[in-house]
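Excluded from the calculations below are hydrogen atoms, water molecules and symmetry mates; all remaining heavy atoms, backbone and side chain alike, are included. Quick note on labels: first sequence line is chain A, next is B, and so on, each numbered from 1. Computed from a prediction, not measured in an experiment: that's the story for all the values here.
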There are 2 protein chains.
Amino acid sequence: MNDPGDVPRQPRLTRAEAKARTREQLLDAATRVFARKGYAGASVEEIAESAGYSIGALYSNFASKEQLFLELMSARRERRVNEVASILHAGDPVDALVALLDRSAERDPDLVALRAEFWLYAVRNPEAMDALTAQLRRQVDALIGIISAATERWGTPPDVPAAEVATLVLAMFQGLVRQRRIDPDRVSGELFGQGVRWLFGGLRAASGQQASPGPE
Amino acid sequence: MNDPGDVPRQPRLTRAEAKARTREQLLDAATRVFARKGYAGASVEEIAESAGYSIGALYSNFASKEQLFLELMSARRERRVNEVASILHAGDPVDALVALLDRSAERDPDLVALRAEFWLYAVRNPEAMDALTAQLRRQVDALIGIISAATERWGTPPDVPAAEVATLVLAMFQGLVRQRRIDPDRVSGELFGQGVRWLFGGLRAASGQQASPGPE
DNA sequence: GTCTATACGGCGATAGAC
DNA sequence: GTCTATCGCCGTATAGAC
């Protein structure tokens, strides 16, 4: 009726879809290059080439190197979560906690470097700090949920502020991840679990209650 | 006898001393600039100017920007330590521990950024990792001394490996320092002390021994 | 020993062809 | 929408004057 000739009615990708796909590929490439070279050390040329495009394509999708970096750092946060519920149904809550954080660290080895890079960027460019604060709070909130569920099941009374415990657990984890890159032999894979167990043990003791020690 | 005329016998600074002084000033300036701009983002021009010298003076004292950075990172580690003994004579060992680490973090706000910068550099340039490993081990060893002294006095039996505890304490501290830059309101100054106390409490509980709970 | 001047390359960003 | 070509700037590092 409305389209004579051999023009395909449904191209595989519309122009908008093609552009969105290019954007995604550029973001993926930028993730790798920024992680490997750092924000200042990375060049837009290497990012574009690594994605299989030209510099012009990059600038047609992002206003500047800085905006590409910022978009990347706020886009990536959406990628995980929601495996929390399933992991909690397992046995030892501490094991579940360890597994959760370990998984997020191992999923992409570059992610730790990228996080350090963004921390430095935000420290030096305070206008970007809000985004990082939001990410941290999201992480801590997720841990609060897990930890309060775990302590409830475990018998630790709820008079210990879960937010503080979550902050401590996250700090310990992040510190260990960085130390492991420096001295792998002295940071065993089980040390984090050990630390969490000790911390929770101290929690129960401080609460003046002798609950069941839980499985171990 | 050996020097006629008006040549000063003892110039305030010999040439070697003057050069050493210039080196020190350049290293100090480099510390500030690298911390503020990052390794890749810092320029040798800004470093030289910040020290009150020219680019030529910088290259007369250091072979390259990279060598300046590496020398800086291995030179700075010598600057503290040796206040450990005095601090241990105080009352609560945990308070002493907290004070020790807090002091090293507050002495120079730039130091935390510089550490992150060096961590990233070493991750990306493995030939520099050895220096970082040595620094970390030094830190952990110092903590082992303090912690074993504290636990002995406190009644925790020595069957818990002090190295693991020291690693955990340091990880928790470093994680909290970084989190505090992101969200100061949720990382109080006392949280680290609280965490250490909980951790030690769990240690005592895990040792199957009910020692005196210590002061608090 | 330090400074000034400069060589040389690489970078971010833009313009115009297709 | 993407590519090629290029502009303009700033970077590291060097050479030679003083």
Side-chain angles (χ1 to χ4, degrees), chain A residues 7-8 10-73 117 121 124-125 128, chain B residues 7-8 10-30 32-72 117 121 124-125 128:
Chain A
V7 174
Q10 262 185 300
R12 283 211 148 83
L13 270 58
T14 68
R15 280 170 93 90
E17 283 169 345
K19 182 157 192 176
R21 183 168 158 276
T22 300
R23 269 182 72 95
E24 275 309 308
Q25 291 173 331
L26 284 168
L27 281 169
D28 282 344
T31 302
R32 295 193 301 270
V33 179
F34 278 135
R36 202 147 41 209
K37 302 286 187 70
Y39 174 69
S43 73
V44 292
E45 182 179 13
E46 185 174 356
I47 294 172
E49 277 180 6
S50 171
Y53 292 94
S54 64
I55 298 181
L58 190 154
Y59 277 98
S60 145
N61 282 278
F62 301 94
S64 67
K65 177 185 177 181
E66 188 170 19
Q67 197 223 322
L68 169 59
F69 180 65
L70 293 176
E71 192 145 333
L72 191 171
M73 290 312 301
E117 199 68 42
Y121 182 88
R124 290 164 186 156
N125 305 83
Chain B
V7 176
Q10 263 186 296
R12 283 213 146 84
L13 270 60
T14 69
R15 281 171 90 89
E17 286 169 342
K19 181 157 191 176
R21 184 168 159 278
T22 300
R23 267 183 74 93
E24 275 307 309
Q25 290 172 332
L26 285 168
L27 281 168
D28 282 344
R32 294 193 301 271
V33 178
F34 278 135
R36 203 146 39 208
K37 302 287 187 71
Y39 173 69
S43 73
V44 291
E45 181 181 13
E46 184 174 356
I47 293 173
E49 278 180 6
S50 172
Y53 291 95
S54 65
I55 297 181
L58 190 153
Y59 277 99
S60 148
N61 282 277
F62 301 94
S64 65
K65 175 186 176 180
E66 188 170 20
Q67 197 223 323
L68 169 58
F69 180 65
L70 293 175
E71 192 146 332
L72 191 172
E117 200 69 42
Y121 182 88
R124 292 165 185 155
N125 305 84

Practice item. Using atom CD of B:Gln25 as one end and atom P of C:dG1 as the other, report the distance to the nearest whole Å. Key: 15 Å
Exercise for review: Could you tell me the separation between the CD atom of A:Glu49 and the P atom of C:dC11, rounded to a whole number of Å?
Suggested key: 10 Å
Point to revise | Selection from C:dG12, D:dT2, C:dT2 that lies nearest to any side-chain heavy atom of A:Val44 | key: C:dG12
**Study point:** B:Lys65: side-chain hydrogen bond (donor to acceptor under 3.5 Å, both in side chains) partners, not counting sequence neighbours
**Key:** none
Practice item. List in numerical order all residues of residues 59-69 of chain B for which some heavy atom is under 4.0 Å away from an atom belonging to DNA chain C. Key: B:Ser60, B:Asn61
Exercise for review: Please state whether the rings of A:Phe34 and A:Phe69 are parallel, tilted or perpendicular, taking 30° and 60° as the class boundaries.
Suggested key: perpendicular
Exercise for review: Specify the residue among A:Gly56 and A:Ala40 whose closest nucleotide of DNA chain C lies further upstream toward the 5′ end.
Suggested key: A:Ala40
Exercise for review: Using a heavy-atom cut-off of under 4.0 Å over every strand shown, decide if B:Ala42 touches base, sugar-phosphate, or nothing.
Suggested key: sugar-phosphate
Exercise for review: Let me know the distance between OH of A:Tyr53 and P of D:dT4, rounded to the nearest Å.
Suggested key: 14 Å
Review point. Is A:Leu27 close to A:Leu68 at the side-chain level, that is, under 4.5 Å between some pair of heavy atoms?
Key: yes
Study note, to complete from the structure: By salt bridge (Lys or Arg N to Asp or Glu O under 4.0 Å), A:Arg36 pairs with (sequence neighbours left out) none
**Study point:** Whole-Å distance separating the CG atom of A:Leu26 from the P atom of D:dG1
**Key:** 14 Å
Point to revise | Touch class at under 4.0 angstrom, heavy-atom based, for A:Ser43 against every strand present | key: sugar-phosphate
Review point. Whole Å only: how far is the CZ atom of A:Phe34 from the P atom of C:dG12?
Key: 9 Å
Check your understanding: Can you tell me how far C1' of D:dC10 sits from CD1 of B:Ile55, to the nearest Å?
Key -> 11 Å
Check your understanding: Of the nucleotides C:dG1, C:dG12, D:dC3, which one has an atom closest to the side chain of B:Lys19?
Key -> C:dG1
Exercise for review: Report the distance from atom CG of B:Leu58 to atom P of C:dT4, rounded to the nearest whole Å.
Suggested key: 14 Å
Review point. Does the side chain of B:Thr22 get closer than 4.0 angstrom to OP1 or OP2 of C:dT2 through an N or O atom?
Key: yes
